[in-house]
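In this chain, residues are counted from 1 in sequence order. Here the structure is a predicted model, which is why all the values come from computation and not from measurement.
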Amino acid sequence: MQGLTSFFKSLGAARLAAMFAVTVALIGFFAFIIMRVTTPQMTTLFTDLTTEDSSAIIKDLERQAIPFEIKNDGAIIMVPKDKVTRLRMKLAEGGLPKGGGVGYEIFDKSDALGTTSFVQNINHLRALEGELARTIRAIDRVQSARVHLVLPERPLFSREVPEPSASIVVRVRGTLDQQQVRAIRHVVASAVNGLKPSRVSIVDEAGQLLADGAADPTSEGATGDERRTAFEKRMRSQVESIVSSVVGSGRARVQLTADFDYNKVTQTSDKFDPEGRVLRSSQTREEQSQSGAADGQVTVNNELPGNQQNAAANPKDQSKKSEETNNYEISRITKTEVTEAGRVNRISVAVLVDGSYGKNEKGEQVYTQRPKEELDRIAALVRSAIGFDQKRGDQVEVVNLKFAEGPTVLPVAEPTGLLGNLQFTKDDVMNVIELGVMMLLGLVVMFMVVRPLVRRILTPETPPAALAPPGMMALPDNVAVGPDGQTLVAATGANMIDVATSPGQVHAQSVHRVGELADRNPNETAAIVRQWLQEPA
């Protein structure tokens with residue numbers, strides 16, 4: 001203990017403080033590394049959560065004593081990666097997250113006996129709106145949605161039934177296509193009885209009207225410009241796909257313009273064929289009459305029954321009439337042609353293809369134009385893809401020019417070998433890199449900071465005066481003794497000057513120097529004197 005105490009005393013207060021600071025710094029540094037390495041990897045549990053769902057999930061996680069992190073003002077909750085699957089199933093069992101709205105679960109815990117019909121109707125409307133909002137959020141690019149339904153009741157003694165309507169406010173990531181907007185309208189219209197797609201209005205978070213609920217019910221839901229744009233986009237994609245498969249990806253530019261006729265024409269024509277007669281009805285009528293002459297006299301003899309034989313011999317008048325009526329139908333053809341709006345009058349296609357690139361003998365990249373035969377074959381493919389019709393004036397132009405940016409084909413390297421078999425994810429690679437950086441930083445701190453400090457602390461300082469035999473005084477740094485016992489002092493130019501002629505002055509300077517060193521380092525001076533006393537005489 002005395003040796004340890006003397007060792008600490010010999011170090012001094014400054015060295016002890018430095019040792020304590022280094023120890024604390026090392027403990028803190030390695031504690032940080034250990035905590036960082038042992039901290040479980042966090043991954044996303046749910047995203048785009050509402051305040052209500054986030055609060056309910058956090059309360060459940062705290063009850064289970066599971067560590068979690070909150071980001072983006074509670075919209076994102078992160079949990080340990082090894083527990084995310086179990087937590088999702090556990091929370092789904094409890095109906096979390098609810099999706100920021102009330103669905104049909106509103107009827108699970110309600111008291112049906114004490115609820116009026118008005119409250120039941122309101123709850124049904126809320127549940128329907130909440131379920132529709134959840135369905136709309138399932139569509140790509142839709143971040144959140146809010147649905148308002150108007151389901152009017154039919155007034156008493158009224159023949160007209162009011163039509164329901166709906167309004168939807170969506171928050172999207174990017175922009176919605178017109179096809180997605182129409183899909184939302186039809187989904188909502190199909191879920192509500194009596195609701196037409198044209199009665200559904202859609203607005204985004206910026207206040208931009210995506211679908212007008214006051215549009216004409218007879219319209220198909222898409223304007224002429226929208227139909228033309230969709231047609232041009234589809235045809236351009238088809239042409240660019242087939243051309244890129246020939247010249248290479250990213251080395252073809254296609255522009256397609258379609259001229260549409262939006263006039264709706266209805267034409268009715270009647271055609272009669274005189275040769276094509278058909279008997280529709282036939283009517284025949286025959287009349288026959290007979291009359292006899294009796295001299296115009298009325299006698300008893302003529303009226304007697306026996307007088308009939310004589311009457312038969314008298315001459316008689318006979319008449320016969322025949323009438324026939326035939327009705328014929330003439331062949332008639334009635335033709336009604338309806339030409340719907342949106343006919344394609346003409347299609348114009350411009351295709352720009354890049355040439356081919358190769359290397360010459362020097363290894364330099366050389367551009368080569370494509371031959372005319374290849375361009376003709378590409379033009380034939382384009383004509384077949386667009387349904388080329390020369391009668392309506394379609395045009396196809398294929399031009400070969402050098403692109404300013406050059407070829408942009410980038411090879412996609414797939415992970416093979418050990419990495420491919422282990423199937424490392426991006427998170428795993430980042431964790432390995434982080435651990436490697438921490439280990440390297442720890443080694444740098446150990447060898448560049450800690451080791452020099454420890455060596456400096458443990459190495460004793462040089463005593464202020466070299467130990468000399470008893471009876472001899474230590475000389476200053478610039479004073480030396482020659483081989484013949486002569487005292488020398490170092491000059492400015494490193495030449496030794498003989499100072500034997502002034503021993504008194506040198507002795508006084510040595511004594512003064514030793515006194516200053518003793519005043520500055522009392523502990524070291526006492527140790528030197530103690531060592532002298534312990535030495536044998």
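Atom CD of Gln369 and atom OG of Ser356 lie 9.5 Å apart (nearest 0.5 Å). Rounded to the nearest 0.5 Å, atoms OG1 (Thr257) and CZ (Arg346) are 8.5 Å apart. In this structure, OG in Ser269 is found 6.5 Å from NZ in Lys335, a value given to the nearest 0.5 Å. From Gln395, atom CD reaches atom CD1 of Ile347 across 11.5 Å, with rounding to the nearest 0.5 Å. Interatomic distance, CD of Glu205 versus CD of Gln143, reported as 8.0 Å (0.5 Å rounding). Here Thr116 contributes atom OG1 and Asn121 contributes atom CG; the two are 8.5 Å apart, rounded to the nearest 0.5 Å.
The existence of a salt bridge linking Lys321 and Glu323 is excluded, since no basic side-chain nitrogen approaches an acidic carboxylate oxygen closer than 4.0 Å. Comment: Arg383 does not engage Asp394 in a salt bridge, judged by the lack of any side-chain N to carboxylate O separation of less than 4.0 angstrom. Between Arg377 and Glu373 no salt bridge is recorded (no basic side-chain N to carboxylate O distance below 4.0 Å).
Ser245 contributes a side-chain N or O that, together with a main-chain N or O of Ile242, makes up a donor-acceptor pair within less than 3.5 Å. Checked by atom type and distance alone, the side chain of Gln238 never pairs as donor or acceptor with a backbone atom of Ile386 at under 3.5 Å. Formation of a donor-acceptor pair under 3.5 Å by the Arg141 side chain with backbone atoms of Thr175 is found in this model. Judged by distance alone, the side chain of Arg185 and the main-chain N or O of Val200 form a donor-acceptor pair under 3.5 Å.
In the displayed structure, Gln390 atom CD is contacted under 6.0 Å by at most 12 heavy atoms of other residues, nucleotides or ligands. Remark: Phe118 CZ is loosely packed, at most 12 non-hydrogen atoms of other residues, nucleotides or ligands lying under 6.0 Å away. Around CG of Asn360, the count of heavy atoms belonging to other residues, nucleotides or ligands within 6.0 Å exceeds 12. The number of heavy-atom neighbours closer than 6.0 Å to CD of Gln179, taken from other residues, nucleotides and ligands shown, is 12 or below. Taking a 6.0 Å sphere around CZ of Arg236, one finds it holds more than 12 heavy atoms contributed by other residues, nucleotides or ligands. The 12-atom threshold is not exceeded at CZ of Arg285, counting heavy atoms of other residues, nucleotides or ligands nearer than 6.0 Å.
Here the side chains of Val344 and Asp389 are not in contact, with every heavy-atom distance at 4.5 Å or above. Between Ile202 and Leu176 there is no side-chain heavy-atom pair separated by less than 4.5 Å. For the pair Leu87 and Leu61, the minimum side-chain heavy-atom distance is below 4.5 Å. Side-chain contact between Asn345 and Arg392 is absent, with no heavy-atom pair separated by less than 4.5 Å. Counting heavy atoms from C-beta outward, Val192 and Leu132 have side chains that approach closer than 4.5 Å. Within the 4.5 Å cutoff, side-chain heavy atoms of Phe46 are placed close to those of Leu91. When side chains are defined from C-beta on, Arg228 counts as touching Tyr262, because their heavy atoms get closer than 4.5 Å. In this structure the side chain of Val188 reaches within 4.5 angstrom of the side chain of Ile136, judged on heavy atoms.
Residues Pro164 and Pro152 approach most closely at CA-CD, 3.8 Å, considering heavy atoms. When all heavy atoms of Ala191 and Leu128 are compared, the pair lying nearest together is O-CD1, 4.3 Å. Heavy atoms only, all atoms of each residue included: Met235 and Leu256 are closest at CB-CD1, 3.6 Å. The nearest pair of heavy atoms linking Ser282 to Glu324 is OG-OE2, 4.1 Å. Scanning all heavy atoms of the two residues, the minimum distance from Asn400 to Gly355 falls at ND2-N, 3.4 Å. In plain terms, the two heavy atoms of Asp354 and Arg370 that are nearest each other are O-NE, 2.6 Å.
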